Peer 1: 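Okay, handing you the structure first.
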Amino acid sequence: MAAGTLYTYPENWRAFKALIAAQYSGAKVQVASSPPQFHFGQTNKTPDFLKKFPLGKVPAFQGDDGFCLFESNAIAHYLGSDALRGSSKEAAAQVLQWMSFADSEIVPPASAWVFPTLGIMQYNKQATELAKEEVRRLLELLNEHLKSRTFLVGERVSLADISVACALLWLYKQVLEPAFRQPFPNTNRWFSTCINQPQFRAVLGEVRLCEKMAQFDA
Amino acid sequence: MAAGTLYTYPENWRAFKALIAAQYSGAKVQVASSPPQFHFGQTNKTPDFLKKFPLGKVPAFQGDDGFCLFESNAIAHYLGSDALRGSSKEAAAQVLQWMSFADSEIVPPASAWVFPTLGIMQYNKQATELAKEEVRRLLELLNEHLKSRTFLVGERVSLADISVACALLWLYKQVLEPAFRQPFPNTNRWFSTCINQPQFRAVLGEVRLCEKMAQFDA
Amino acid sequence: MSAEHLAEENIWFDKYRYDDAERRYYEQMNG
């Protein structure tokens, strides 16, 4: 069973993936996200940290055995269980397919839409409208896939659900108001099922779905 | 042993990953990249294709058994061998780490730098300079990692080498002229070793390294 | 011809801008 420390900053949705995976597998993970253990912006720029994690990014995982790993999908995969990873070759490939889908298809438009509402980035009307349409398309794709499925791969939660749900987290919390998400009942049902799993809840707490679409935070 | 058809367009570096993986594993893969089997821009927009591959993107793989898969890393993982995937939990996680690294860290700046030189994107001086610096940083990171290693994970070629090498392919072919790549001898040695493996060669043919940095193609 | 197809890939060209913004935001959040 893996055991070690996850370096991150609080509320880092990328770190949530690894922590939820660890809830399922029982992996013992210490979170280092605040001083004195870890000060984001300082500790991750020190030579010692960069020697282990050359990108200087978080989440970053160091096992009690010294094994070091960066990139959030790799950490979640490592900390997860065989069941989460997919217990057949096909299932394992499908899990990777959805993990890649989350990073390459969901995160760019989700960031473009949500960041301005958090005051992280300048608002740009055109970029936001494009992102909205892209998110609509992705929710529809998931809605179609989940029409006859409870989870994305197989009959149980896998890293696919964890990755895609975490990539959608800020959208459901910040901007996917009821009117916008109404056309995607299967996706909504699936997301709600995921975030109410005890393992998700242990990490995310209670997730309150967006009631009114957040606008950019000037 | 997996067997099936890979839908793609010619010279698609993302498809190369799966085809090289198949060379190692012996998986029987038919490539459908030209009419009448597959006409990129048309076939991938048909209802039949979209039913199997909802994103409508390539590469996309359909097994002889009907199993369908999209996202290039997932396809390469599926078509590869256990050795390529990493034969221990740690190695498997490190393979995924570098596969994510290739997609999330290398591809954006590599594309920003190379696309204008291929005439497929407007040239923007500032974006190109930023991308150059980012590529320099990534080559240095790899150079450091490869100082005492022949391959990225373990002692043999893995999907990590295949993914990162393919993500760097256009850079080495188009813009990484000798003067630019001179500070990264370990990365250059590793890249040269990879592309000269018979399995890489069977897919990529002879890769000619850039001699003079291509400029944007007005 | 294949270069043209490459142009159809959706590359997150300005990912570095988002990464930077996110990093600065959370660095600020974390004092």
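Quantities reported herein were computed from a predicted structural model and do not represent experimental measurements. Proteins come first, then strands; the chains are lettered A, B, ... in the order of their sequence lines, and each starts at number 1.
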Peer 1: What verdict does the side-chain contact (heavy atoms from CB on, under 4.5 Å) test give for Trp12(C) and Val107(B), after you've listed the backbone C-alpha separation in whole Å, the side-chain angles of each residue and the deciding distance to 0.1 Å?
Peer 2: CA-CA 9 Å; Trp12(C) 196 4; Val107(B) 171; over 6 Å; no
Peer 1: Please examine the side chains of Lys15(C) and Pro109(B), heavy atoms only from C-beta on, and report whether any two atoms are closer than 4.5 Å.
Peer 2: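 No - every pair of side-chain heavy atoms lies 4.5 Å or more apart.
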Peer 1: What do you reckon, is CD of Glu129(B) surrounded by more than 12 foreign heavy atoms closer than 6.0 Å?
Peer 2: yes
Peer 1: Considering non-hydrogen atoms only, spot the tightest contact between Leu118(B) and Ala3(C) and give its length.
Peer 2: CB-CB, 4.4 Å
Peer 1: Can you name the closest pair of heavy atoms from Glu9(C) and Val58(B) and give their distance?
Peer 2: OE2-O, 4.3 Å
Peer 1: Which atoms form the tightest heavy-atom contact between Pro108(B) and Ile11(C), and what is the distance?
Peer 2: CA-CG2, 4.0 Å
Peer 1: Just wondering, do Glu8(C) and Tyr9(B) contact through their side chains at under 4.5 Å, heavy atoms?
Peer 2: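 Counting from C-beta outward, Tyr9(B) and Glu8(C) never come under 4.5 Å.
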Peer 1: Distance from Glu105(B) atom CD to Asp19(C) atom CG, nearest 0.5 Å?
Peer 2: 6.5 Å
Peer 1: Is it the backbone or the side chain of Ser33(B) that comes under 4.5 Å from a heavy atom of chain C, or both, or neither?
Peer 2: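 Neither; nothing under 4.5 Å.
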Peer 1: What's the verdict on side-chain contact (heavy atoms from CB on, under 4.5 Å) for Asn10(C) and Lys57(B), showing C-alpha distance, side-chain angles and the deciding distance?
Peer 2: CA-CA 10 Å; Asn10(C) 74 333; Lys57(B) 290 188 176 178; 2.8 Å; yes
